[in-house]
Structure formats: C-alpha cells, structure tokens
Chemist: 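Please read through the structure below; I'll follow up with questions.
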Amino acid sequence: MNRPTWDEYFMEITELVSRRSTCLRRKVGAVIVQDKRILTTGYNGAPKGLPHCLEIGCLREIKKVASGERQELCRGLHAEQNAIVQAALHGLSIKGSILYCTTQPCVTCAKMIINSGIKKIIYKEKYPDDLARKMLKEAGVVENQYE
C-alpha cells in the first residue's frame with residue numbers, strides 16, 4: 001500500500017486547488033494546514049464578483065511585463081493572499097500553521113505570511129524573489145522546497 005505522507009497529501013491538494021486559478025500566466029494553489037487539518041485554500045484570481053483575466057485578458061501579458069514585476073498591474077490576488085483572506089473572512093486563526101503552495105511566495109505574500117503567524121512554508125516551484133526569502137528568514141518562517 002502506497003499511502004502518501006502528509007506533505008505529499010497536502011501538496012497534491014495544492015495542485016488540485018491551482019486548477020481553479022483564472023490567471024493566464026501561472027496557476028497557483030495554496031492550502032493552510034494546522035494539526036494535519038485543512039483550514040483554508042486559495043488560488044490566484046480576481047477579487048470576488050469581478051471579471052477574471054480568463055474573461056477580459058491579462059494587462060501584464062498585453063504590456064509584456066516580466067514575471068515578478070509590476071504586480072500592481074495584475075487584477076488578481078495570489079493564492080497565498082486568498083487563503084489568508086479566507087481565514088480572516090471566516091474568523092479562523094492561522095497562527096502557527098503551515099502553508100503548502102505550488103509556488104514559493106513573493107514579497108507581498110511573504111509580508112502577509114509573517115504578519116498572519118504562519119510558521120512554515122512548503123512549496124514546489126521556486127520564484128525569483130530574494131527579498132521575500134530574506135524577510136521570511138529574518139522572521140523565523142521556515143521554507144522547504146518540496147521534491
């Protein structure tokens with residue numbers, strides 16, 4: 001019997017969650033877990049009730065903006081942001097939790113992760129943001145790349 005480890009289990013769920021993404025450039029999924037229990041999930045996409053990039057196009061793509069730059073032009077929230085917002089919306093504390101994510105967090109997400117009390121991040125794909133990694137390390141948030 002090939003029973004998955006907890007990390008395998010939650011990482012596979014992040015892959016499923018990422019399939020809900022409406023981003024045309026990168027599909028990202030996130031799962032926040034505490035005591036082996038899923039608290040929230042999130043994927044990248046436009047705020048609730050607003051048109052998605054799938055429907056109206058991607059301004060960053062039209063302007064040929066490189067990955068990791070000019071995030072303010074994107075109408076979508078990142079998967080990590082949506083997972084943290086869902087916890088706040090439903091009154092769930094995520095202090096001391098683990099964030100599983102298909103992609104390593106950017107600096108904006110890193111700041112939210114630090115302030116929300118998440119203590120560990122397990123991600124699959126690297127993201128080119130040295131400041132995010134530096135700030136997470138300074139804050140004592142453990143990052144592990146899943147292989």
Side-chain angles (χ1 to χ4, degrees), residues 4-54 56 58-61 63 65-147:
T5 66
W6 286 108
D7 285 348
E8 289 170 331
Y9 175 72
F10 293 123
M11 284 306 297
E12 285 187 32
I13 293 171
T14 66
E15 292 291 340
L16 179 61
V17 171
S18 76
R19 290 173 40 200
R20 291 278 309 153
S21 170
T22 58
C23 180
L24 298 171
R25 298 180 94 183
R26 181 190 310 255
K27 300 208 174 293
V28 181
V31 176
I32 298 177
V33 173
Q34 194 160 43
D35 299 323
K36 298 177 185 161
R37 182 172 63 98
I38 296 172
L39 299 178
T40 65
T41 65
Y43 53 87
N44 51 335
K48 182 167 59 171
L50 299 183
H52 292 279
C53 295
L54 284 174
I56 62 172
C58 173
L59 183 59
R60 294 179 75 230
E61 195 68 25
K63 291 185 176 269
V65 176
S67 180
E69 295 179 13
R70 304 286 319 269
Q71 292 179 18
E72 74 278 6
L73 294 178
C74 180
R75 68 184 297 108
L77 283 88
H78 288 183
E80 305 93 319
Q81 294 168 340
N82 271 323
I84 291 168
V85 167
Q86 285 300 308
L89 184 65
H90 296 288
L92 295 171
S93 173
I94 54 176
K95 184 178 181 180
S97 63
I98 299 172
L99 171 73
Y100 288 85
C101 198
T102 55
T103 305
Q104 191 175 26
C106 71
V107 70
T108 303
C109 291
K111 293 179 221 178
M112 290 180 69
I113 288 164
I114 292 164
N115 278 359
S116 68
I118 292 170
K119 291 298 175 196
K120 185 175 185 178
I121 302 165
I122 299 174
Y123 64 91
K124 195 169 190 179
E125 178 186 321
K126 285 193 175 206
Y127 187 75
D129 195 328
D130 293 333
L131 182 56
R133 286 190 292 282
K134 182 178 188 283
M135 291 178 77
L136 289 165
K137 186 175 183 179
E138 287 174 7
V141 177
V142 175
E143 275 193 296
N144 291 329
Q145 186 171 13
Y146 177 79
E147 296 182 32

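Note: hydrogens, waters and symmetry copies are ignored here, and every other heavy atom, side chains too, is used. Fair warning: this is a prediction, and the values are worked out from it, not measured in the lab.
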Chemist: What pair of heavy atoms forms the shortest contact from Q34 to S93, and how long is it?
Modeler: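 Distance-wise, the nearest heavy atoms are OE1-O, 3.7 Å.
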Chemist: Looking at H78, is its backbone amide N or carbonyl O close enough to the side chain of Q81 to form a donor-acceptor pair, meaning the two atoms are under 3.5 Å apart?
Modeler: yes
Chemist: Is there a side-chain contact between I32 and T41, using heavy atoms and a 4.5 Å cut-off?
Modeler: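 Contact flag for I32/T41 side chains = no.
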Chemist: I need the I94 CD1 to M112 CE distance, nearest 0.5 Å.
Modeler: 8.0 Å
Chemist: Indicate whether the side chain of Y123 and that of N144 have a donor and an acceptor atom separated by less than 3.5 Å.
Modeler: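 Checked: Y123/N144 side chains show no N/O donor-acceptor pair below 3.5 Å.
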Chemist: Would you say that I84 contacts I113 through its side chain, given a criterion of any heavy-atom pair below 4.5 Å between the two side chains?
Modeler: yes
Chemist: Quick one: pull up OG in S97 and NZ in K120 and give me the separation to the nearest 0.5 Å.
Modeler: 12.0 Å
Chemist: Hey, could you give me the CG/CG distance between L77 and N82, rounded to the nearest 0.5 Å?
Modeler: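 Here the interatomic distance stands at 4.5 Å.
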Chemist: Who are the salt bridge (charged side-chain N to carboxylate O under 4.0 Å, His left out) partners of K119, not counting sequence neighbours?
Modeler: none
Chemist: Should P105 and Y127 count as side-chain neighbours, where that means a heavy-atom distance under 4.5 Å?
Modeler: no
Chemist: Do the non-hydrogen side-chain atoms of M135 and L131 ever get within less than 4.5 Å of each other?
Modeler: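 Side chain of M135 against side chain of L131, heavy atoms only: contact under 4.5 Å found.
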Chemist: Sequence neighbours left out, what passes side-chain hydrogen bond (donor to acceptor under 3.5 Å, both in side chains) with N44? Give chain and number order.
Modeler: S21
Chemist: Starting at CE of M11, measure out to OG1 of T5 and round the result to the nearest 0.5 Å.
Modeler: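 Atom-to-atom, M11:CE and T5:OG1 are 10.5 Å apart.
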Chemist: Contact between I122 and C101 at the side-chain level, heavy atoms closer than 4.5 Å - yes or no?
Modeler: no
Chemist: Considering the options I38, I13, T14, which one meets the side chain to side chain contact (heavy atoms under 4.5 Å, CB included) requirement together with Y100?
Modeler: T14
Chemist: Would you say that more than 12 heavy atoms from the other residues, nucleotides or ligands in this model lie under 6.0 Å from the OH of Y146, or not?
Modeler: yes
Chemist: In the structure I gave you, are the side-chain heavy atoms of T103 and R26 within less than 4.5 Å of one another anywhere?
Modeler: yes
Chemist: What's the shortest heavy-atom distance between A110 and L136, and which atoms?
Modeler: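 Nearest heavy atoms, A110 then L136: CB-CG, 3.8 Å.
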Chemist: What is the distance from atom CD of E61 to atom SG of C53, rounded to the nearest 0.5 Å?
Modeler: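 E61 CD to C53 SG: 10.0 Å, rounded to 0.5 Å.
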Chemist: Short question: side chain of T40, backbone of Q86 - any donor-acceptor pair under 3.5 Å?
Modeler: no
Chemist: Which pair of non-hydrogen atoms, one from R60 and one from C74, has the smallest distance, and what is that distance?
Modeler: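 Taking every non-hydrogen atom into account, CD-CB, 3.5 Å.
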Chemist: Between K111 (side chain only) and V107 (backbone N and O only), is there a donor and an acceptor less than 3.5 Å apart?
Modeler: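 Side chain of K111 to backbone of V107, a donor-acceptor pair under 3.5 Å: no, none is there.
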Chemist: Quick check: does any side chain N or O of Q145 sit under 3.5 Å from a backbone N or O of K124, one acting as donor and the other as acceptor?
Modeler: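 Pair found, side chain donor or acceptor close to backbone of K124.
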Chemist: Who pairs with E143 by side-chain hydrogen bond (donor to acceptor under 3.5 Å, both in side chains), at least two apart in sequence or on another chain?
Modeler: Q104
Chemist: Who passes side-chain hydrogen bond (donor to acceptor under 3.5 Å, both in side chains) against R20, sequence neighbours left out?
Modeler: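 Scan of R20 (side-chain hydrogen bond (donor to acceptor under 3.5 Å, both in side chains), adjacent residues dropped) gives Y43.
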Chemist: How close do T22 and H52 get, heavy atom to heavy atom, and via which atoms?
Modeler: OG1-ND1, 2.8 Å
Chemist: Nearest heavy-atom pair of A30 and A83: which atoms, and what distance?
Modeler: CB-CB, 4.4 Å
Chemist: Which word best sums up how the rings of F10 and W6 line up, parallel for under 30°, tilted for 30 to 60°, or perpendicular for over 60°?
Modeler: parallel
Chemist: Step by step, work out the side-chain contact (heavy atoms from CB on, under 4.5 Å) result for I121 and V141.
Modeler: CA-CA 7 Å; I121 302 165; V141 177; 3.8 Å; yes
Chemist: When you check the gap from the basic side-chain N to the acidic O, do E15 and R19 get nearer than 4.0 Å?
Modeler: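 Salt bridge: no.
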Chemist: Could you please spell out the steps behind the side-chain contact (heavy atoms from CB on, under 4.5 Å) verdict for I56 and R75?
Modeler: CA-CA 11 Å; I56 62 172; R75 68 184 297 108; 3.5 Å; yes
Chemist: To the nearest 0.5 Å, what is the distance between CG on L39 and CG on L99?
Modeler: 11.0 Å
Chemist: Check side-chain contact (heavy atoms from CB on, under 4.5 Å) between P128 and all other residues, then give those that pass, not counting sequence neighbours.
Modeler: none
Chemist: Is any side-chain heavy atom of L54 closer than 4.5 Å to a side-chain heavy atom of L24?
Modeler: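 Yes, their side chains come closer than 4.5 Å.
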Chemist: Checking S116 now: which residues fulfil side-chain hydrogen bond (donor to acceptor under 3.5 Å, both in side chains) with it, not counting sequence neighbours?
Modeler: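 In terms of side-chain hydrogen bond (donor to acceptor under 3.5 Å, both in side chains), with neighbours along the sequence ignored, S116 is linked to no residue.
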Chemist: For a quick test of reading the model, state the closest non-hydrogen atom pair linking L50 to A46 and the distance between them.
Modeler: O-CB, 4.0 Å
